[in-house]
Amino acid sequence: MSKILVFGHQNPDTDAIGAAIAFAHLQKELGKDTEAVALGAPSEETQYALDHFQLEAPRVVEKAGEATDVMLVDHNEFQQSIADIADVNILAVVDHHRIANFETANPLYYRAEPVGCTSTIVLKLYKEAEIDVPKQIAGIMLSAIISDTLLFKSPTCTKEDVNAATELAALAEVDLNEYGLAMLKAGTNLSDKSAETLLDLDAKSFPMGDKNVRIAQVNTVDLKEVFDRQAELETTMALENTKKGYDLFLLIATDILASNSELLVVGEPKEAVEAAFQTTLTNNRALLKGVVSRKKQVVPQLTEAFSN
Ligand code: MN
Ligand code: MN
């Protein structure tokens, strides 16, 4: 019998890896033969967290292959999952995303809650099963909550996430804020990346009206470091617009300390951007106070502006 594979989504973030490690351990304590795996290598932020708590990065797999039974965390949509997801038996899902494109042949355990992080739900599962969370696992779960909520600054964060993180920080024996900032900073190492790489780290395209809008986001602790490269970034953004057919390219550089974002815009129509954020661009830039979430604070506002 091969092991039950437990994994998060492709291009794994700290929650996809942390929740897989934590949920696999819980299931093992409950008698299941599980192995946490990942559908990609850890990011610099995730690697920092793994190193800090002396955990091995989960084995990277592309297919379940021999393993016929799997458990999903931090995702459910088949497009975001393992390549042969349609051929395996899904025993369980623990997730905090919308449910879409999901269907199974057999009954399963499914736990979905609209909180800021899957690891917040996994902590509840430990409590319900009356299983203790080991120190290292508490550490990686804490890291996942800090990552998904940007240290509680994201509008997706709930009271439950804050309470879970506080409890996990005590178990992991770290100072929540000090460790959290250090971990987030580990994911903001932009200086050694080309403009092209930086603009592609976390970028998505959105059709808006009859325009094709590209929105990239990077986390930083030093907006100046990003905007010292403004000319180089603008040149690359303009080139991408031409090459890929974008009308408008937005870069949102998010200051994770101040919880503001500085916007850089290349392309047209800039009036729609100014209307969306009720601001005036100066030198193609604007400071967006309190904006940290593309999903909740950028895309809906822009979509609205383009529909007028
Ligand atoms: Mn995730
Ligand atoms: Mn998550």
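Atoms within each ligand, like the ligands themselves, are counted from 1 in listed order. All values below were derived from every heavy atom in this structure, side-chain atoms included, with hydrogens, water molecules and symmetry-related copies excluded.
Relative ring orientation between Y126 and H25 is described as parallel, the plane-to-plane angle staying below 30° on a 0-90° scale split at 30° and 60°.
Among the heteroatoms counted here (N, O or S) of D13, OD2 is the one nearest to the Mn ion (ligand 1). The Mn ion (ligand 2) lies closest to atom OD2 when only the N/O/S atoms of D15 are considered.
The nearest N, O or S atom of H96 is closer to the Mn ion (ligand 2) than 2.8 Å. Backbone or side-chain N, O or S atoms of H75 do not reach the Mn ion (ligand 1) at under 2.8 Å.
For the pair D148/H96, a side-chain contact is recorded, criterion being any heavy-atom separation below 4.5 Å from C-beta on.
Criterion: ILVMFWY side-chain heavy atoms under 4.5 Å apart, direct or through other members. Under it, V122 and Y109 are part of a common hydrophobic cluster.
S119 approaches G18 most closely through the heavy-atom pair OG-C, 4.3 Å.
If you check the side chains of N89 and D69, you find a donor sitting under 3.5 Å from an acceptor.
With the Mn ion (ligand 2) at the apex, D74 OD1 and D148 OD2 define an angle of roughly 170° (rounded to 10 degrees).
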